[in-house]
Amino acid sequence: MNFFKKPAVAVILAVLLCGGILSFNTQSKLGEEIDAVEDSFFTNVDGQRSIYSRLQEKLQAANGVWTVLVKYDEAAAEELSYERDSLIWACDEADISYMKYCSDYLDDEFASALRTLDGLELTDDERSLVDEYETAYNGAQKMIEENSYNSEVLEFMRSTYNKFPTRELAEFAGVNPPETFN
């Protein structure tokens, strides 16, 4: 018991307690603000559909193209399916940076699938479906590019996170900044 009565021990305990409280408060308060910013990635705001919902549209269009492609070129369909499944998994994990990574690869594979289909003699109905899926996919991609989420993240970083001492406290508390989708 005398151990705790020593001034050095009391100072160390006070520093540890204050550091713990500071860390908890930073994680709680700043974490809530970061969650609010990242929530706009997943939810529709201000009359604008979320990036997450647009990714779902891209997945639906890729699935539609796959249904036509699989009849003609199973290998190409398998590649498209793999990239589509990767994005589905990233969406399930709610990992924004991984969703961006998978979305970019799906873009490449979707374009490759369209090139494959362009070289084939499709029925008029199949050609019409592929055109609809391509329009839907490209429209979703355009809306992702025009979405204000990335600018909201940058504004939060500029107005809050990068201000002294917020960044230092965040690093101390292990709070990561919001992720951009670019």
Side-chain angles (χ1 to χ4, degrees), residues 1-63 80-110 137-182:
M1 193 54 101
N2 286 336
F3 176 75
F4 291 108
K5 293 182 180 179
K6 294 180 182 179
V9 172
V11 168
I12 291 171
L13 288 175
V15 167
L16 290 174
L17 181 62
C18 288
I21 290 170
L22 182 62
S23 178
F24 176 77
N25 191 39
T26 301
Q27 288 174 352
S28 176
K29 301 280 187 199
L30 188 58
E32 286 177 11
E33 291 182 48
I34 290 170
D35 287 346
V37 171
E38 287 186 342
D39 282 349
S40 67
F41 178 89
F42 296 98
T43 57
N44 302 335
V45 291
D46 299 330
Q48 177 175 246
R49 303 242 338 257
S50 69
I51 291 176
Y52 185 83
S53 68
R54 298 298 184 174
L55 290 174
Q56 299 305 310
E57 291 174 16
K58 286 175 63 171
L59 287 167
Q60 290 172 353
N63 190 51
L80 180 60
S81 178
Y82 176 79
E83 296 303 340
R84 188 189 69 217
D85 290 347
S86 294
L87 182 55
I88 290 170
W89 183 82
C91 288
D92 289 345
E93 293 298 310
D95 183 332
I96 294 172
S97 61
Y98 193 55
M99 282 187 260
K100 174 60 175 158
Y101 174 82
C102 292
S103 178
D104 289 345
Y105 276 96
L106 181 59
D107 291 347
D108 294 341
E109 200 54 51
F110 188 82
Y137 191 95
N138 291 336
Q141 182 59 36
K142 183 174 191 266
M143 293 296 103
I144 287 171
E145 292 165 3
E146 293 176 0
N147 191 286
S148 63
Y149 172 75
N150 286 330
S151 60
E152 291 170 19
V153 170
L154 294 175
E155 177 58 30
F156 174 80
M157 295 296 291
R158 188 175 17 259
S159 68
T160 303
Y161 192 87
N162 287 336
K163 297 243 178 179
F164 181 82
T166 305
R167 167 173 260 155
E168 291 74 14
L169 290 172
E171 289 173 0
F172 172 73
V175 177
N176 295 321
E179 296 182 60
T180 57
F181 190 78
N182 59 7

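The aromatic rings of Tyr98 and Trp89 lie perpendicular to each other, with more than 60° between the two planes, well past the 30° mark.
A salt bridge between Lys142 and Glu145 is absent, with no side-chain N of the basic residue lying under 4.0 Å from a carboxylate O of the acidic one.
A heavy-atom distance below 4.5 Å is found between the side chains of Met99 and Tyr52. Side-chain atoms of Tyr149 and Ser40, non-hydrogen and from C-beta on, do get closer than 4.5 Å to each other. Using a 4.5 Å cut-off on side-chain heavy atoms (C-beta onward), Ile144 and Lys58 make contact. Contact check for Leu106 versus Leu55: no side-chain heavy atoms found under the 4.5 Å cut-off.
Closest approach of Ile34 to Asn176, counting heavy atoms only: CD1-O, 3.1 Å. Across Tyr161 and Thr166, no two heavy atoms sit closer than the pair O-CB, 3.7 Å. Across all non-hydrogen atoms, the minimal contact from Leu30 to Ala170 is CD2-CB, 3.6 Å. Residues Tyr137 and Ser103 share a closest heavy-atom pair of OH-O, 4.3 Å. When all heavy atoms of Ala62 and Phe110 are compared, the pair lying nearest together is CA-CE1, 3.8 Å. Here the shortest heavy-atom pairing between Arg158 and Lys163 reads O-CE, 3.7 Å.
Note that OH of Tyr105 and OH of Tyr82 are 10.0 Å apart. Values are rounded to the nearest 0.5 Å. Here the NZ-CG distance, from Lys100 to Asn182, works out to 7.0 Å after rounding to the nearest 0.5 Å. The structure places CG of Asp108 at 11.5 Å from CG of Leu80, a figure rounded to the nearest 0.5 Å. Residue Gln141 holds its CD atom at 8.0 Å from CG of Asn138, rounded to the nearest 0.5 Å. Taking OG of Ser50 as the reference point, atom CG of Asn147 lies at 7.5 Å (rounded to 0.5 Å). A distance of 11.0 Å separates SG of Cys102 from CG of Asp107, quoted to the nearest 0.5 Å.
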Legend entry - side-chain contact (heavy atoms from CB on, under 4.5 Å) between Glu57 and Arg49, intermediate numbers included: CA-CA 11 Å; Glu57 291 174 16; Arg49 303 242 338 257; 2.5 Å; yes
Inset, instruction - Please lay out, stage by stage, how Gln56 and Gln60 fare under the test side chain to side chain donor-acceptor pair (under 3.5 Å). - result: CA-CA 6 Å; Gln56 299 305 310; Gln60 290 172 353; over 6 Å; no
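Pairs passing the salt bridge (Lys or Arg N to Asp or Glu O under 4.0 Å) check and including a residue from residues 167-180, sequence neighbours excluded, read Arg167-Glu171.
Looking only at distances, a side-chain donor or acceptor of Asn150 sits under 3.5 Å from a matching main-chain atom of Phe181.
Only one option out of Glu33, Glu152, Met157 pairs with Pro178 in a side chain to side chain contact (heavy atoms under 4.5 Å, CB included); it is Met157.
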